[in-house]
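Notes for the one structure printed next.
Scope of the values below: all heavy atoms of this structure, side chains included, with no hydrogens, waters or symmetry mates.
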Amino acid sequence: MIRAISIEKDDILNDPEDAAKILSRALKRKIPMRFMGIHAPAEAPALLILLEKCEESSPCEFVFSPLEADSGEEIIAAATHRHQAGYCTLATFRIEDSTWGLFARKCG
């Protein structure tokens with residue numbers, strides 16, 4: 001089973017912490033889900049986050065964060081820095097003129 005949730009880009013810009021909580025709550029519903037991917041066309045007002053059913057949900061801490069990166073090398077450096085801090089990079093995407101990332105750290 002595949003589900004999708006939509007998170008407005010303006011919500012991420014205005015309150016990235018709350019936007020990340022929306023994603024966390026979606027994974028903790030009655031049917032356990034896990035992150036599958038993001039569809040984020042530049043012109044779209046929202047991210048479409050794809051989730052898939054799984055046997056047991058794995059609690060995660062999600063973080064939406066702007067990246068001071070535009071080139072591939074800069075994005076790799078930013079992802080490496082996050083990885084060293086215990087986060088994996090799930091996706092990068094554009095909002096207006098900036099690059100953002102969705103990161104996760106397992107909590108349990």
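Rounded to the nearest 0.5 Å, atoms CD (E68) and NE2 (H81) are 11.5 Å apart. Annotation: the span from T89 atom OG1 to L67 atom CG amounts to 7.5 Å, rounded to 0.5 Å. For the atom pair F93 CZ and I38 CD1, the distance stands at 5.5 Å (nearest 0.5 Å).
Scanning for side-chain contact (heavy atoms from CB on, under 4.5 Å) contacts around A20 gives F62, F64, with sequence neighbours left out. Residues passing the side-chain contact (heavy atoms from CB on, under 4.5 Å) test with D11 are E8, sequence neighbours excluded.
In this structure, the side chains of E96 and R94 stay at 4.5 Å or more apart for every pair of heavy atoms. Using a 4.5 Å heavy-atom cutoff, the side chains of F103 and L90 are not in contact.
For R3 against A26, the heavy-atom pair with the smallest separation is NH1-O, 4.4 Å. When every heavy atom of S71 is checked against every heavy atom of E74, the shortest pair comes out as N-OE1, 3.0 Å. Across all non-hydrogen atoms, the minimal contact from R82 to S65 is NH2-OG, 2.6 Å. In terms of heavy-atom proximity, K53 sits nearest to I31 at CG-CG2, 3.8 Å.
When the side chains of ILVMFWY residues are joined at heavy-atom separations under 4.5 Å, either directly or via intervening members, I75 and W100 end up in two distinct hydrophobic clusters. In the hydrophobic clustering of this structure, Y87 does not group with I76; members are Ile, Leu, Val, Met, Phe, Trp, Tyr whose side-chain heavy atoms approach within less than 4.5 Å, directly or through other members. L13 and I49 fall within a single hydrophobic cluster, where Ile, Leu, Val, Met, Phe, Trp and Tyr are joined by side-chain heavy atoms under 4.5 Å apart, directly or via other members. The cluster map of Ile, Leu, Val, Met, Phe, Trp and Tyr, joined by side-chain heavy atoms under 4.5 Å apart, puts I95 and I5 in the same cluster.
When hydrophobic residues (I, L, V, M, F, W, Y) are linked wherever their side-chain heavy atoms come within less than 4.5 Å, the members clustered with I2 are M36, L48, L50.
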Could you check L47 against K9 for side-chain contact (heavy atoms from CB on, under 4.5 Å), going step by step and ending with a plain yes or no? CA-CA 7 Å; L47 304 180; K9 290 178 180 177; 4.1 Å; yes
List the steps, then state whether side-chain contact (heavy atoms from CB on, under 4.5 Å) holds for L23 with L102. CA-CA 10 Å; L23 179 54; L102 172 60; 3.9 Å; yes
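The neighbour count for E52 CD, taken as heavy atoms of other residues, nucleotides or ligands under 6.0 Å away, is above 12.
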